[in-house]
Amino acid sequence: MALGALNVWTAHQREDYGALSTALCLCVCAVGLFGEDLVQRGYRRDRAVLAHIAVHPGAATRHVARAVGASERVVARNLDRLTNDGLLVVVSDGATSALRSYRLAS
């Protein structure tokens, strides 16, 4: 992204519009790849959460969070998404999301 921005500035100073359009495309591609990486990171965490629940049925949100190395809030969102998608079911519905336990759906 920084390289693209520097090329944009340089091309603008030299009034080289071919290089300017190429540099702008480089910036847009960098932003797109960064966004894709964020999306893939969420999918990787979903897979890690799902794998942990498969090995440890009845695990609570707090235990899953420690196992995958993420915050309880983030893991609670992953668990909610996986439950809404029908991959997990809630075994015990605790007062807070940290106390709920999950297992794979049948």
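Because the structure is predicted, anything quoted here is derived from the model rather than measured.
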Next item on the list: Any pair with a residue in residues 78-89 that passes side-chain hydrogen bond (donor to acceptor under 3.5 Å, both in side chains), sequence neighbours left out, goes on the list, sorted by first then second residue, please.
Entry: Asp46-Asn78, Asp46-Arg81
Check: Tell me, which pairs form a salt bridge (charged side-chain N to carboxylate O under 4.0 Å, His left out) where one or both residues lie in residues 48-61, sequence neighbours left out?
Finding: none
Note to self: As an exercise, state the distance from CG of Leu82 to OH of Tyr102, rounded to the nearest 0.5 Å.
What the structure shows: 9.5 Å
Next item on the list: Name all residues meeting the ring pair (Phe, Tyr, Trp, His ring centres under 6.0 Å) criterion together with His63; count only those two or more places apart in sequence or in a different chain, and write none if there are none.
Entry: none
Check: Which residues satisfy the side chain to side chain contact (heavy atoms under 4.5 Å, CB included) test with Ala67, sequence neighbours excluded?
Finding: His52
Check: Do Val64 and Leu104 share a hydrophobic cluster, counting only Ile, Leu, Val, Met, Phe, Trp and Tyr and linking them when any side-chain heavy atoms are less than 4.5 Å apart?
Finding: yes
Margin query: Show every salt bridge (charged side-chain N to carboxylate O under 4.0 Å, His left out) that has at least one partner inside residues 22-33, sequence neighbours left out.
Written below: none
Notebook entry, point to check: In Å and rounded to the nearest 0.5 Å, what is the CG to OG1 distance from Leu79 to Thr61?
Noted result: 5.0 Å
Check: Partners of Arg100 by salt bridge (charged side-chain N to carboxylate O under 4.0 Å, His left out), sequence neighbours excluded?
Finding: Asp93
In a table with atom names and distances, give each donor-acceptor pair under 3.5 Å that connects a side chain of residues 68-75 to protein atoms at least two apart or in another chain.
unit_1, atom_1, unit_2, atom_2, d
Ser71, OG, Val74, N, 3.3
Glu72, OE2, Arg62, NE, 3.2

Notebook entry, point to check: Hey, any chance Val49 and Val89 share a hydrophobic cluster, counting ILVMFWY side chains that come within less than 4.5 Å of each other, even indirectly?
Noted result: no
Next item on the list: Would you give the length of the straight line joining atom OG of Ser101 to atom CD1 of Ile53, rounded to the nearest 0.5 angstrom?
Entry: 8.5 Å
